[in-house]
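The structure displayed is predicted, hence computed values, not measured ones. Below, read A as the first sequence line, B as the second, and so on, with proteins coming before strands; counting in each chain starts at 1. Keep in mind that the numbers below use all heavy atoms, side chains included, and drop hydrogens, waters and symmetry copies.
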Amino acid sequence: MKNINFNDLDLDPKILQAIDNMGFEEPSQIQAESIPIILEGKDVIGQAQTGTGKTLAFGAPMLSKINSKDKKISCIIVTPTRELAIQVNDELSRIAKFKRTSLLPIYGGQPIERQIKSLKRGVDVVVGTPGRILDHLHRKTLDLSNIQFLIIDEADEMLDMGFIDDIEDIIKSCNSDRQTLLFSATMPNQIKRLASKYMKNDVKYIEIAKNTLTVEKTKQYYYEIKNKDRFESLCRILDVDEPSSAIIFCRTKRGVDELVEGMQSRGYNVEGMHGDMGQNQRLNTLRKFKDGSLDFLVATDVAARGIDVENVSHVINYDLPQDTESYVHRIGRTGRANKEGIAYSLVTPKEYILLKQIEKFTKSKIKRKEIPTVDDIFEAKYKNIEKEIRDVISEENYKNFIPVATELDEEYNLVDVAAALMKIIFEKELSFNYKENSISTEEENIRLFFSIGRMDNITPRKLLKFITETSSVETYEIGDIDILNKFTFISIPERVGNIILKKSNGKRLQGRRVSVELAKSKKSNS
DNA sequence: AAAAAAT
């Protein structure tokens, strides 16, 4: 199994040449396992972690197999977003570089006439989004009745509600003797079952089993915040970490707009991307982000899946995603192709249970981190300035400033001059004037009242276990919970959100009231 | 319950 070379796979020599040209030698696991089976002609459902080269896994064998002599379309690939359609199309073009295969991305937000013209000239592979593909099918400008391959990228999303009707319509317009390939990093069982409906009976499942659903090289952390401190917390994190490139996810389009505005007014080099923006603007923003002229991209889940940008150092969940799959895909924008990555999530006490669900689903540990203090930020900035100065000195490319420096030397102490320069850099880099108390460090105590019914077999130990598992309270004394009383209360920090009491069989206690009340006492903690 | 996807 180890040390397979691409040349050992039975791919078209011209495809191999292109793969070599792209600098790849050893196939990733998903590539090594999928390529032979796809070449055999089998239907495949492929699942492998984010950033492990799924596009090449289906693209190389497909491009090897298709017959590009006739003018008919040989392969249709469906993706959930326009940007992904373009990206997949671009990558396939690179793989098909030495073949005379013609590819065409078709997606909305773009004049349809040009696409129709290209389709008329004859195209081998079409990569598109559902809406526009259907539009072409209805206009009869796209004929899928004689294809060799139907490939559904991000298949679990495409077969989920919201897309499934469109996908079904597209599948219906395809000939049934095609080869069907489904790929994604996540593949819930119910989607797998549904998928078999559209595939041949001997569908082959290829799952690159890993201990975790997320990439190990991406370190995951969460920050516990109050909702009103969300923006301030994000800024502090960014100012300490100074990510070279980060994607920040919001739950809603409005959330994206608001965050972009807030960040821009604080001087960050940031732009937003969501589905209500013009296609040109979307592409423009993504292009700037890819070429490094944009540091931060704020986006909805439109950017959660598939988008491959090199060297994204951080993914930040400004809001936690609604579903756990989305978390996997979002943080999969970093830590790609075996690189390191950092994933942060801002979590309010209310959202804590959701975080725990995500941890369970991904089988990975999300560690707690503390929001940086203003001192932390200053310290990080000082260190960074020092590093920049050392770098410039070692590069020796500051010589043309020596005359000015000499002049200043006659008048001042050079230590003073250096410190003054650092102040200038510092103020340029940190346009925002931090006040120490911009985040409340007061920790409010919550008093939880549990009303426990007589028939419930909850023991203090079980209740404690439940509280520690569903809240971020790390330790709590058993002795503090007196559950023998029918009515009991405990006082714990606010970071506990909603506590739902469950019986030991996991069922929710019906009709029991659990009230959460803010205690009067406030504990300062700075 | 939000986002994506056609005009």
Side-chain angles (χ1 to χ4, degrees), chain A residues 76-89 104-116 119 126-142 144 151-173 184-186 188 191 247-260 272-283 285-286 297-307 315 317-333 345 348 350-351 353-354 357-358 498:
Chain A
I76 176 87
I77 302 174
V78 195
T79 68
T81 63
R82 298 163 182 177
E83 286 73 17
L84 193 52
I86 295 166
Q87 182 185 296
V88 169
N89 185 79
L104 181 71
I106 57 169
Y107 51 86
Q110 201 200 40
I112 198 162
E113 278 71 29
R114 233 185 310 156
Q115 293 175 358
I116 293 175
L119 285 168
V126 169
V127 189
T129 47
R132 188 49 76 87
I133 291 174
L134 281 176
D135 196 355
H136 280 290
L137 285 172
H138 294 145
R139 291 166 188 254
K140 311 247 183 256
T141 48
L142 180 67
L144 300 178
I151 303 177
I152 305 182
D153 201 8
E154 307 297 343
D156 58 325
E157 162 124 320
M158 303 304 263
L159 297 178
D160 202 358
M161 302 209 321
F163 269 128
I164 185 63
D165 293 342
D166 287 356
I167 296 295
E168 273 205 323
D169 287 349
I170 292 171
I171 293 175
K172 274 182 202 147
S173 73
S184 183
T186 51
I191 299 286
I247 304 182
I248 301 159
F249 284 102
C250 297
R251 214 163 33 78
T252 63
K253 299 168 192 169
R254 226 186 98 196
V256 168
D257 290 336
E258 285 169 4
L259 180 57
V260 168
M273 192 170 119
H274 62 61
D276 282 352
M277 290 172 170
Q279 192 53 29
N280 283 340
Q281 195 186 350
R282 277 167 65 167
L283 290 174
T285 299
L286 192 60
L297 176 66
V298 177
T300 57
D301 277 337
V302 70
R305 282 179 179 254
I307 298 301
V315 167
N317 291 308
Y318 190 68
D319 308 301
L320 275 183
Q322 213 61 42
D323 54 306
T324 43
E325 277 88 11
S326 175
Y327 178 88
V328 173
H329 290 278
R330 281 180 176 190
I331 75 162
R333 297 317 99 214
S345 296
T348 61
K350 250 191 190 163
E351 294 165 326
I353 288 179
L354 184 53
Q357 283 168 5
I358 290 168
N498 301 322

- Message: Under the rule for side-chain hydrogen bond (donor to acceptor under 3.5 Å, both in side chains), what residues qualify as partners of A/Gln357, not counting sequence neighbours?
- Response: none
- Item | side chain to side chain contact (heavy atoms under 4.5 Å, CB included) partners of A/Glu258, counting only residues at least two apart | A/Arg254
- Sequence neighbours excluded, the answer for side-chain hydrogen bond (donor to acceptor under 3.5 Å, both in side chains) partners of A/Thr129 is none
- Task: Go through B/dA5, B/dA6, B/dA4 for me and flag the one nearest to the A/Thr300 side chain.
- Result: B/dA4
- Message: Tell me every residue that passes side chain to side chain contact (heavy atoms under 4.5 Å, CB included) with A/Asp323, counting only those two or more places apart in sequence or in another chain.
- Response: A/Glu325, A/Ser326
- Note on the structure: Here the residues of residues 317-325 of chain A within 4.0 Å heavy-atom distance, strictly under, of DNA chain B are A/Gln322
- Find the distance A/Ile167:CD1 to B/dA5:C1' and express it as a whole number of Å. 10 Å
- Whole Å only: how far is the CG atom of A/Asp301 from the C1' atom of B/dA5? 15 Å
- Message: Let's see if you can work this out: which of B/dA4, B/dA6, B/dA5 has an atom nearest to the side-chain heavy atoms of A/His138?
- Response: B/dA6
- A/Arg82 side-chain N/O to B/dA6 phosphate OP1/OP2 under 4.0 Å: yes
- Query: Just checking A/Gly162: base, sugar-phosphate only, or nothing, at a heavy-atom cut-off of under 4.0 Å?
  - Reply: base
- Message: My understanding is that only residues two or more places apart in sequence, or in another chain, count here; which of them pass side-chain hydrogen bond (donor to acceptor under 3.5 Å, both in side chains) with A/Asp276?
- Response: A/Lys253
- Report which part of the nucleic acid A/Arg282 touches: base, sugar-phosphate, or nothing (heavy-atom distance under 4.0 Å, all strands). sugar-phosphate
